[in-house]
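Worksheet: the structure to be examined is printed underneath.
Just so we're on the same page: letters track the sequence lines, and every chain starts at 1.
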2 protein chains.
Amino acid sequence: MTTLFDTTTVPAVNVTAGTGPLVIGLDIALVTSGVAGPGWANHFRTTGLAGEDRLQHIVDTAAGYYRNADLVLIEGAAYSMAKQVGHDEMSAARWMIRCDLRRRRIPFAVVTPDSRTIYATGRARWKDEETGKKLTPRQVKGKVRDEAARRYGIVFDGTARFDQADAYVLMAMGMDWLGYSLAEVPKTHSRALKGVAWPTQTVAVAR
Amino acid sequence: MTTLFDTTTVPAVNVTAGTGPLVIGLDIALVTSGVAGPGWANHFRTTGLAGEDRLQHIVDTAAGYYRNADLVLIEGAAYSMAKQVGHDEMSAARWMIRCDLRRRRIPFAVVTPDSRTIYATGRARWKDEETGKKLTPRQVKGKVRDEAARRYGIVFDGTARFDQADAYVLMAMGMDWLGYSLAEVPKTHSRALKGVAWPTQTVAVAR
DNA sequence: CTGCATTAACTACTGC
DNA sequence: GCAGTAGTATTCGGTC
DNA sequence: GACCGAATCCAAGTAG
DNA sequence: CTACTTGGTAATGCAG
């Protein structure tokens, strides 16, 4: 676990770790994936693996986290990813997890990258305030991480900081949707919740 | 089973049904998939299903066929399919089957559409002999089916005839590679075998 | 119901 | 408020 | 070992 | 023989 509570600046958030429903956020990728639950964020890698081995490892590891979850949020594919390196293997990773979740009867929602960014930062496409040029994906990721860190008082550190922050935001969205929001978020941000394909089946926790 | 031996024109082929190794050919798609083994071809649909249910059904049904196989051949994705309807779901279907095969320790090979076409017809890209225009994918599929039907004496009929023929060709390639070729094929055709990513692990049947 | 030809995503943001 | 338009992510390899 | 930047598939056919 | 160029699929909707 590379992420800890930020003990220097304790924000006004409802720390529900262990008390509320167990919601898991997943930011799945081929080499570095992020996972988060209420109050914590983590990540795992697939160094040295490839092909079927790599996929299997991703599913197994992720499953270890969401095994007892009440709700899982997984980031959906971005259209721009098509025709690019490893895109089909990644589609597979995500669908395999979805199938596994279905088999386990764990309710899950697929969140688009846009929705995630909006929930975290209030806007999907950012431009530099000075130059007016659109921010690189990298810079946007940074924004997401910063906002999440500030709002939830979590320190996202290390190489996988973006992936962990992503996962955390996803998880926070799920908590919010269930009525256990981890922090107050402006309407500009929370509007992203209605863009999500929420599960129709009843979630174990009353909303 | 919609396909039968053609009893009117019995060709000079080695009918090894039940005697040689069990090789299975798979032509996986989202709605209609083809499956074939030595001497037979079949297909299955996923009508009424979608998403995780559909994927699960594809994997389960395919597994029912290759459960006891010594070798499985599966058609690989075409690059041109990227960015098109359902491409990610299809990638997932194929990868899920590959993972399942790995789990079951069943050796498998991934065959590109080109290799399959070459093994069946001797050439990957066909032009009309008169007009000189390239044949439509449909026409090429027809050629594959016709050649396969003639060479192996199998009747591929019904809506799924192309898918079944594809699967049969894949299976035939596997049998050939194992030394149990189902029919004599010209060098122009068999050259396709070296373009295939054959499994490195030992196949249960001696070559 | 079968066969062939066509066309291929989604949404936030911007400007009217 | 509505219609049109454009944006979209990750891996791998080399570098520090 | 982490960070930054660039490219992003594969092979059959065909021409030289 | 080598180097370069190009091609590649499948679900859906309508017609027969």
Inset, instruction - Output the residues of residues 71-88 of chain B in contact with DNA chain E, where contact means a heavy atom of the residue under 4.0 Å from an atom of the strand; sort by number or write none. - result: B:Y79

Inset, instruction - Pick base, sugar-phosphate or nothing for B:R94, based on heavy-atom distances below 4.0 Å to the nucleic acid. - result: sugar-phosphate

Legend entry - Separation of the C1' atoms in C:dA8 and D:dC12, to the nearest angstrom: 30 Å

Legend entry - Distance in angstrom units between B:Q139 CD and F:dG8 C1', rounded: 16 Å

Inset, instruction - Round to the nearest Å and state the distance from A:W126 atom CH2 to C:dC13 atom P. - result: 9 Å

Legend entry - Sub-4.5 Å side-chain heavy-atom contact between A:L73 and A:F108: no

Legend entry - Between P of C:dA5 and CZ of B:R138, the distance in whole Å: 8 Å

Legend entry - Proximal nucleotide (of F:dA11, C:dT11, E:dG13) relative to the B:A29 side chain: F:dA11

Legend entry - Test side-chain contact (heavy atoms from CB on, under 4.5 Å) applied to B:R138 - qualifying residues, sequence neighbours left out: B:T136, B:F162

Close N or O pairs between protein and nucleotides 1-4 of chain F (under 3.5 Å):
none

Inset, instruction - Quote, to the nearest angstrom, the P distance that separates F:dC4 from C:dC16. - result: 48 Å

Show the atom names and distances, to 0.1 Å, of all donor-acceptor pairs under 3.5 Å that link a side chain in residues 79-86 of chain B to residues at least two apart or in another chain.
from	atom 1	to	atom 2	distance (Å)
B:Q84	NE2	B:S80	O	2.9

Inset, instruction - Sequence neighbours left out, what passes salt bridge (charged side-chain N to carboxylate O under 4.0 Å, His left out) with A:K143? Give chain and number order. - result: none

Legend entry - For A:R105, side-chain contact (heavy atoms from CB on, under 4.5 Å) partners two or more places apart: none

Inset, instruction - For residues 108-119 of chain B, pull every pair meeting salt bridge (charged side-chain N to carboxylate O under 4.0 Å, His left out), keeping only residues two or more places apart or in separate chains. - result: B:E75-B:R116, B:R116-B:D166

Inset, instruction - Let me know the distance between CE of B:M90 and P of F:dT9, rounded to the nearest Å. - result: 10 Å

Inset, instruction - Quickly work out the B:R45 CZ to F:dT12 C1' distance and round it to whole Å. - result: 14 Å

Inset, instruction - Quickly work out the B:L135 CG to F:dG7 P distance and round it to whole Å. - result: 13 Å

Inset, instruction - Report yes if some heavy atom in the side chain of B:E89 is under 4.5 Å from a heavy atom in the side chain of B:R54; otherwise report no. - result: yes

Legend entry - Set of salt bridge (charged side-chain N to carboxylate O under 4.0 Å, His left out) partners for B:R145, sequence neighbours left out: none

Inset, instruction - Return the 5'-most residue of the pair A:R161, B:S115 with respect to DNA chain E, ranking by each residue's nearest nucleotide. - result: A:R161

Legend entry - For chain A, the stretch of DNA chain D it reaches, first to last nucleotide, under 4.0 Å of its heavy atoms: D:dA6 to D:dC12

Contacts under 3.5 angstrom, residues 44-51 of chain A side chains, donor-acceptor by atom type, not counting sequence neighbours:
from	atom 1	to	atom 2	distance (Å)
A:R45	NH1	A:T32	OG1	3.2
A:T46	OG1	A:L30	O	2.6

Legend entry - E:dC9 and D:dG13, which share atom name P, separated by this distance in whole Å: 11 Å

Inset, instruction - For B:K127, report the nucleic acid contact type (base, sugar-phosphate, nothing); a contact means any heavy atom under 4.0 Å. - result: sugar-phosphate

Legend entry - Rounded P spacing from F:dT6 to C:dT14 in Å: 40 Å

Legend entry - Value in whole Å for how far the P atom of E:dT8 lies from CG of A:L30: 18 Å

Legend entry - Partners passing side-chain contact (heavy atoms from CB on, under 4.5 Å) against A:A63 (at least two apart in sequence or in another chain): A:Y66, A:D100, A:R104

Inset, instruction - May I ask you to test the B:P199-B:L71 pair for a side-chain heavy-atom distance under 4.5 Å? - result: yes

Legend entry - Partner set under side-chain contact (heavy atoms from CB on, under 4.5 Å) for A:V185, not counting sequence neighbours: A:Y119, A:R151, A:Y152, A:D176, A:H189, A:S190

Inset, instruction - Calculate the interatomic distance between B:E89 atom CD and F:dT9 atom C1'; express it in whole Å. - result: 15 Å

